[in-house]
Amino acid sequence: MAISGKQLINGLWVQGEAGQYQAINPATAAAIEPVMSYASKVQVAAAVAAAEAAAPIFAATSLAQRAAFLNSCADEIMALGDELLDRLSQETGYPKARAEGERARTCNQLRLFASTILKGEYLNIRIDTALPDRQPLPRPDIRFTNQPIGPVVVFGASNFPLAFSVAGGDTAAALAAGCPVLVKGHNSHPGTCELVAQALAKAVQKAALPGGVFSLIMGSGREVGSELVLAPAVKAVGFTGSQAGGMALFHLANNRPEPIPVFAEMGSVNPVVLLPQALAQNAEAVATGFVGSLTLGVGQFCVNPGVVIALQGPELDQFCRAAATALAKVPAGVMLNEGIAAAYHKGTAHLAGQAGVELVAAGEAIGGKAGFCSQAQLFKVQAQAFLANPHLQEEVFGHASVLVVCQDKAELLQVVSSLRGQLTGTIQAAPDELAAYPELVQQLRQKVGRLVVNNYPTGVEVCDAMMHGGPFPAATDARFTSVGTASIARFVRPICFQNYPAALLPAELQNSNPWQLPRLINGVKTTAAVEA
Ligand code: NAP
């Protein structure tokens with residue numbers, strides 16, 4: 001199916017009623033065909049009504065049915081073939097290899113959620129059977145499970161047009177949980193959004209699910225995005241993007257007559273601490289690794305290392321020389337869109353203008369390159385100037401970083417303790433060196449969602465053990481991850497059944513344990529049936 005520029009509402013592709021626009025190729029600044037449409041408020045309401053109607057039907061599907069549906073979503077995305085990869089490259093400036101890698105990640109993510117729900121651990125089933133003879137009071141039969149929270153609105157980010165977009169992590173987790181999803185597509189890659197939505201619509205149809213299980217709405221975040229978040233039938237929001245966007249939606253959701261959770265992942269500066277022995281032993285390798293992480297994907301990752309903290313000394317000088325050599329070879333890169341490139345230029349100019357900040361290394365200059373290009377930059381500042389200026393902790397989205405030079409260990413700890421909440425914190429340490437810095441580890445643990453040692457923060461593995469989130473302002477709720485199978489917990493809510501007729505219990509709570517799931521029965525984890 002060709003790209004139509006339409007909205008997917010209740011299983012049907014309909015022309016948006018609130019205006020038209022075209023995607024822009026960031027490598028050339030040229031408009032891309034075809035003309036796309038924006039949804040109206042009436043169309044948003046129709047999509048929400050369809051999701052509300054679909055919610056109980058989708059919630060009643062078995063784990064096996066939902067797993068098959070998720071696998072089918074992955075199959076249909078793969079079946080889009082090169083058309084998807086080409087469109088993605090056109091809309092983002094990403095090379096085809098990146099598009100291919102991200103498609104694999106997205107499909108593997110859907111399949112991982114399929115296998116995860118079949119295991120049933122996420123339901124956290126607990127059964128305390130009745131103790132009619134207990135003294136002084138009998139105990140009733142009580143059974144606990146997790147049920148889908150209800151329709152979820154997903155806002156994708158510009159920088160992951162597949163893995164954090166229409167069928168990305170939030171959508172996969174919500175569908176796996178049994179929640180209908182309404183995606184507010186990102187206007188930076190609308191054709192990619194539509195192609196993926198076509199694939200999901202096919203999977204919905206093949207599974208004979210109601211059309212309202214999945215909708216794609218295009219339009220302005222402030223208009224249709226806000227409308228979606230305010231719709232009473234919507235029960236949760238998944239967001240990846242800017243601080244301003246995430247917080248606007250968070251406040252909107254909290255001021256509803258019925259507040260709902262907003263799980264916003266809003267990026268951070270991801271401090272990297274370079275310990276002296278690590279540099280003394282291998283300054284060049286550390287510098288090359290750092291520059292690779294900083295400039296990967298033109299630095300357009302929420303886990304990009306935006307702040308480096310180190311002790312002054314000859315080892316650090318060696319690191320700086322090696323980083324400058326490596327950075328000089330980095331070509332000017334095409335950014336995702338005009339707004340992101342403009343924000344990068346403004347952010348780096350702002351950094352350069354701050355007291356005590358100097359530019360110490362840079363990549364290839366933009367020169368006469370077409371499109372929305374940017375130059376990689378490494379700045380340096382002394383710790384006291386960093387501590388005195390909170391602006392230096394603000395994320396500049398792209399391949400820019402600030403090296404904070406500390407006079408001694410105490411100052412280094414002071415800098416770390418001044419940091420706000422982060423997605424990640426990284427330490428480069430020689431063998432045994434980490435043990436000499438217990439306060440550093442202790443402090444970083446308070447600040448981050450993921451603590452990395454002798455790796456770099458870029459590259460977020462989608463797995464059972466991943467934590468992608470962190471204390472505010474990295475995310476709105478430090479208790480949850482937005483990547484990996486644990487992220488399903490955002491879209492379920494617990495319910496317990498007390499003294500409930502056995503024959504009417506949800507399948508996972510029935511005595512016979514028809515799905516053979518692990519359950520905590522009277523304090524013991526088992527897959528056995530409950531003795532009636
Ligand atoms: P964004 O501007 O926050 O947009 C993400 C989504 O949220 C878009 O669909 C956007 O819709 C919507 N939105 C933004 N502000 C909104 C508001 N006030 N009310 C309702 N909806 C709103 O993020 P982006 O476009 O991906 O990138 C822009 C900046 O975000 C970057 O420069 C960077 O600083 C940051 N960023 C962070 C991450 C991360 O992983 N945390 C990833 C990418 C970017 P509209 O575009 O239609 O307004």
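The analysis underlying the following values was restricted to heavy atoms, covering all of them including side chains, and did not include hydrogens, waters or symmetry mates. As the structure lists them, so they are numbered: ligands from 1, and atoms in each ligand from 1.
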Short list, please: which atoms of ligand 1 are under 4.0 Å from a heavy atom of [X]?
| X | value |
| --- | --- |
| Thr240 | 39 (C), 40 (O) |
| Cys302 | 39 (C), 40 (O), 41 (N) |
| Asn187 | 47 (O) |
| Gly245 | 14 (C), 15 (N), 16 (C) |
| Ile340 | 27 (O), 32 (O) |
| Gly267 | 41 (N) |
| Gly156 | 5 (C), 6 (C) |
| Asn159 | 42 (C), 43 (C) |

- request: For the pair Lys41 and Glu223, find out whether any cationic side-chain nitrogen is under 4.0 Å from an anionic carboxylate oxygen.
  value: no

- prompt: Charged N to carboxylate O below 4.0 Å: is that the case for Arg98 and Glu102?
  reply: yes

Can [X] be said to touch ligand 1, with heavy atoms closer than 4.0 Å?
| X | result |
| --- | --- |
| Gly219 | yes |
| Phe239 | yes |
| Ala244 | no |

Classify the angle between the aromatic ring planes of [X] and [Y] as parallel (below 30°), tilted (30 to 60°) or perpendicular (above 60°).
| X | Y | answer |
| --- | --- | --- |
| Phe480 | Phe263 | perpendicular |
| Phe301 | Phe160 | tilted |
| Tyr38 | Tyr21 | parallel |

Does [atom1] belonging to [X] count more than 12 external heavy atoms closer than 6.0 Å?
| X | atom1 | value |
| --- | --- | --- |
| Lys202 | NZ | no |
| Gln205 | CD | no |
| Glu338 | CD | no |
| Arg256 | CZ | yes |

Protein residue, atom and distance nearest to [atom], heavy-atom basis:
| atom | result |
| --- | --- |
| atom 34 (O) of ligand 1 | Phe397 CB, 3.4 Å |
| atom 18 (N) of ligand 1 | Ala248 CB, 3.3 Å |
| atom 1 (P) of ligand 1 | Ser242 OG, 3.6 Å |
| atom 4 (O) of ligand 1 | His186 NE2, 3.9 Å |
| atom 12 (C) of ligand 1 | Phe155 CD2, 3.9 Å |
| atom 38 (C) of ligand 1 | Gly241 O, 3.6 Å |
| atom 22 (C) of ligand 1 | Gly221 CA, 3.8 Å |

- prompt: Does an N or O anywhere in Glu265 fall below 3.5 Å from an N or O of ligand 1?
  reply: yes

- request: Please determine if Lys184 has a nitrogen or oxygen closer than 3.5 Å to a nitrogen or oxygen of ligand 1.
  value: yes

task: Start with the C-alpha gap between Val237 and Leu252, add the side-chain angles, then the distance that decides, and say whether side chain to side chain contact (heavy atoms under 4.5 Å, CB included) holds.
output: CA-CA 11 Å; Val237 178; Leu252 211 59; over 6 Å; no

Among Ser158, Ala157, Ala343, Gly225, closest by any non-hydrogen atom to atom 27 (O) of ligand 1: Ser158

- request: Could you tell me whether Val229 approaches ligand 1 through its side chain, its backbone, both or neither, with non-hydrogen atoms closer than 4.0 Å?
  value: neither

task: Taking the side chain as every heavy atom from C-beta outward, state whether Val330 and Leu327 have any atom pair closer than 4.5 Å.
output: yes

- prompt: Between Gln7 and Ser37, is any pair of side-chain heavy atoms under 4.5 Å apart?
  reply: yes

field: Test item: side-chain donor near acceptor, His186 and Ser165, under 3.5 Å
entry: no

